[in-house]
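The structure presented is a predicted model; accordingly, all values stated were derived computationally and were not measured.
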Amino acid sequence: MPPPQDGVDDSAARVPLLPPPAPRRAAVRLHPLPLLIAATLAASYRLLFLAPAPSYYQSLLLSLGSNDTAAAHLHALTIRPHLAGTGANALAAAHVAATLSSHSFRTRLTSYSVLLSYPAYRSLSLSAPDRDTVLFALKQETYAGDPYEAVSAEAVPTFLAYAASGSVSAEAVYANYGRAEDFAYLAARGIDVTGKVAVARYGEVFRGDIVRNARDAGAAAAVIYSDAKDYAAGKTFPDGPWMPPTGVQVGSTFKGVGDPTTPMWASSEGCERLTIAEAMSSDDMPGIPALPVSWKDGETILQLIGGDVAPENWQGGDGAAAYRFGPGPAVLNLTYTGNETMVTIQNVISVIEGGEEPERYVILGNHRDAWTFGAVDPNSGTASLLELAQRLSELQKKGWRPRRTIILCNWDAEEYGLTGSTEWVEENRAMLTSRTVAYLNVDSAVAGHGFYASATPQLDELLKEASKQVQNPDNGTQSLYDLWMSSNSSPLIGRLGGGSSDYSAFVQHIGIPSVDMAIGSDYPVYHSLYDDFIWMEKFGDPLFQRHVAAASMWGLVALRLSDEEILPFNYSNYATELE
């Protein structure tokens with residue numbers, strides 16, 4: 001771990017920097033009417049002659065956006081791959097902490113010991129009658145002139161975290177997107193998956209569910225590939241935004257949240273834990289060996305699978321050979337050995353203490369760890385958070401202080417199972433439940449065009465109102481609201497029922513009003529080696545104006561929640577949603 005930065009406390013104090021409740025004072029009997037008159041006059045004088053209205057600071061916040069600042073932070077954060085538990089990710093934490101401390105925000109690193117998973121050994125080969133055996137390299141290739149070629153060697157080898165260790169040699173069966181209904185369709189066709197290697201493609205369900213569905217159908221192992229129809233529909237990177245032939249989507253297969261050795265309780269020092277073996281045998285784990293492969297390798301496998309031709313909605317794109325069910329005659333020989341080990345992770349917590357209601361919290365969160373370089377996921381969000389922090393610092397210099405406390409959180413190990421945020425919520429559950437006004441999450445702030453938001457319903461109207469004040473980053477004559485309304489999103493505002501990002505513990509464990517926002521949605525190089533600064537600079541946000549818009553929207557919603565005397569919640573939408 002790097003040495004503490006100036007102004008950064010990396011002690012293990014368990015409740016980080018949150019202001020204590022106001023002390024109780026002895027009661028004094030005073031006549032209420034003179035006190036009421038005096039208080040009213042004082043408040044009126046302050047509002048009329050001293051303190052600018054909240055709208056002044058909201059407008060000022062919007063005027064301070066800096067695409068250069070966002071770009072500089074993204075470049076610094078994505079210099080190297082920075083997987084959770086690595087030295088590179090500790091350096092990224094130090095960058096975030098030092099930046100927040102430089103604005104005189106009280107900042108601390110909070111650490112947890114958690115179970116993470118890394119690959120120790122992988123191999124995959126393909127054999128078929130009258131064919132030479134194919135040994136897959138399982139390597140994402142760099143390209144000519146790649147400025148990250150040297151440091152790409154630091155990226156974790158392609159794997160699926162928490163997959164079971166083991167060796168399997170069996171016929172391959174094609175299982176479409178690996179959904180429960182896909183395996184049910186195979187069974188209805190009389191195609192037995194038992195003891196076979198299920199080959200499925202990404203695109204419809206969580207990768208952990210693909211592996212679990214294969215396991216539940218009786219498969220001995222699973223291989224997941226990115227189909228060219230879904231991930232390479234145009235020019236591939238670096239000539240275009242699409243996934244190159246050897247690109248692989250890596251990721252976790254853990255279906256739970258938080259540290260697997262401390263399910264539903266905090267991973268604090270000296271706490272009770274499951275053993276690693278107990279954690280790995282949980283039903284939240286996939287239970288069979290599995291590997292991800294590229295669309296190039298996926299096509300090689302599918303070309304040697306025989307049997308009946310699969311239906312049209314199971315097929316590949318134009319020009320692809322026909323996909324067949326199997327089983328066989330292709331035989332896959334898969335070996336995976338995982339290294340599941342206890343690792344220290346670090347959240348960065350930074351506090352801007354409120355004036356009138358310091359014991360009430362508006363929390364902004366983004367995670368820092370990435371499977372590779374993480375330019376979109378998640379560091380477009382981290383760069384936006386740091387750019388927003390600079391704006392908040394400038395507001396302070398102009399006399400602003402939030403009415404309620406704002407807490408800026410940069411989570412660790414989200415990619416493994418929302419680990420850092422879940423542990424922090426579990427540790428501070430009672431306090432956060434009673435004091436938190438709202439949690440505002442931004443994971444991948446920028447992935448392309450369009451605005452997308454999900455929320456608990458009482459925040460719907462606030463999102464719409466705020467988006468009308470933020471400029472459309474792609475059209476200076478329109479607002480973000482105009483961009484949003486022109487989308488084909490249905491529903492317009494999603495709900496936070498899944499566990500795809502760090503809002504999960506806030507919504508599903510302690511019932512906090514929450515938001516999740518992004519500019520752009522799915523992008524083809526997701527979780528691959530090619531999610532780097534060059535991809536962002538060429539295709540995601542060449543002028544970094546989308547980063548500025550994301551930070552503006554995030555900050556404006558935060559200011560309205562932190563500064564307005566009456567919270568801008570609208571429960572009519574909540575009632576409608578419940579009905």
Main-chain N/O of [Y] paired to [X] side chain as donor or acceptor, under 3.5 Å:
X	Y	result
Thr78	Gly374	no
Asn347	Asp412	yes
Gln249	Pro524	no
Arg324	Ile305	no
Arg122	Leu138	yes
Ser268	Cys271	no
Asn366	Asp443	yes
Asn213	Asp209	yes
Asp369	Glu414	yes
Thr422	Thr419	no

Sequence neighbours left out, what passes side-chain contact (heavy atoms from CB on, under 4.5 Å) with [X]? Give chain and number order.
X	answer
Ala290	Leu160, Ala163, Val211, Ala222
Thr433	Arg429, Ile510
Ala310	Tyr174, Trp314, Gln315, Phe325
Ser165	Thr337

Checklist entry - Quick one: salt bridge (charged side-chain N to carboxylate O under 4.0 Å, His left out) partners of Glu154, sequence neighbours excluded? => result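 By the salt bridge (charged side-chain N to carboxylate O under 4.0 Å, His left out) rule, Glu154 matches Arg80.
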Next on the checklist: Under the rule for salt bridge (charged side-chain N to carboxylate O under 4.0 Å, His left out), what residues qualify as partners of Arg207, not counting sequence neighbours?
Outcome noted: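 Not a single residue meets the salt bridge (charged side-chain N to carboxylate O under 4.0 Å, His left out) criterion with Arg207.
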Checklist entry - Tyr118 versus Val343: any side-chain heavy-atom pair under 4.5 Å? => result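 Heavy-atom side-chain distance check passes, below 4.5 Å.
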Item to check | Side-chain heavy-atom pair Tyr202, Pro292 within 4.5 angstrom cut-off | outcome: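 A side-chain contact exists here, since the closest heavy-atom pair is under 4.5 Å.
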Shortest non-hydrogen contact between [X] and [Y], atoms and distance:
X	Y	value
Pro378	Ala370	CD-CB, 3.8 Å
Asp502	Ser421	OD1-OG, 2.5 Å
His73	His95	ND1-NE2, 3.1 Å
Ile345	Leu116	CG2-CD1, 4.2 Å

Mind checking the [atom1]-[atom2] spacing from [X] to [Y]? Nearest 0.5 Å is all I need.
X	Y	atom1	atom2	value
Asp516	Ile493	CG	CD1	12.5 Å
Glu204	Asn176	CD	CG	8.0 Å
Lys235	Phe539	NZ	CZ	9.0 Å
Thr341	Ile276	OG1	CD1	6.0 Å
His547	Thr382	NE2	OG1	9.0 Å
Leu364	Cys409	CG	SG	8.0 Å

Item to check | Pair Trp535 and Phe373, ring centroids less than 6.0 Å apart | outcome: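 Centroid separation for Trp535 and Phe373: 6.0 Å or greater.
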Sequence-distant partners of [X], ring pair (Phe, Tyr, Trp, His ring centres under 6.0 Å), two or more places apart:
X	value
Trp411	Trp424
Phe183	none
Tyr231	none
Tyr121	none

Checklist entry - Is there any ring-ring contact (aromatic ring centres under 6.0 Å, His included) pair reaching into residues 240-297, and which pairs are they, with sequence neighbours excluded? => result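 For residues 240-297: Tyr162-Phe254.
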Checklist entry - So which pairs with a foot in residues 126-147 pass side-chain hydrogen bond (donor to acceptor under 3.5 Å, both in side chains), sequence neighbours left out? => result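 Qualifying pairs: none.
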Next on the checklist: Check this for me, if you would: do Arg201 and Asp182 make a salt bridge, where the nitrogen-to-carboxylate-oxygen distance has to be below 4.0 angstrom?
Outcome noted: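 Salt bridge: no.
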Checklist entry - Distance only, no hydrogens: is a donor on one side chain within 3.5 Å (strictly under) of an acceptor on the other, for Glu537 and His75? => result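 Per modelled atom types, Glu537 and His75 side chains form no pair under 3.5 Å.
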Checklist entry - For Asp522, does the CG atom sit with more than 12 other heavy atoms under 6.0 Å from it, leaving out its own atoms? => result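 Atom CG in Asp522 is not crowded, with 12 or fewer foreign heavy atoms closer than 6.0 Å.
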Checklist entry - Can you say whether the rings of Tyr416 and Trp371 are parallel (under 30°), tilted (30 to 60°) or perpendicular (over 60°)? => result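 Ring orientation, 0 to 90° scale: tilted.
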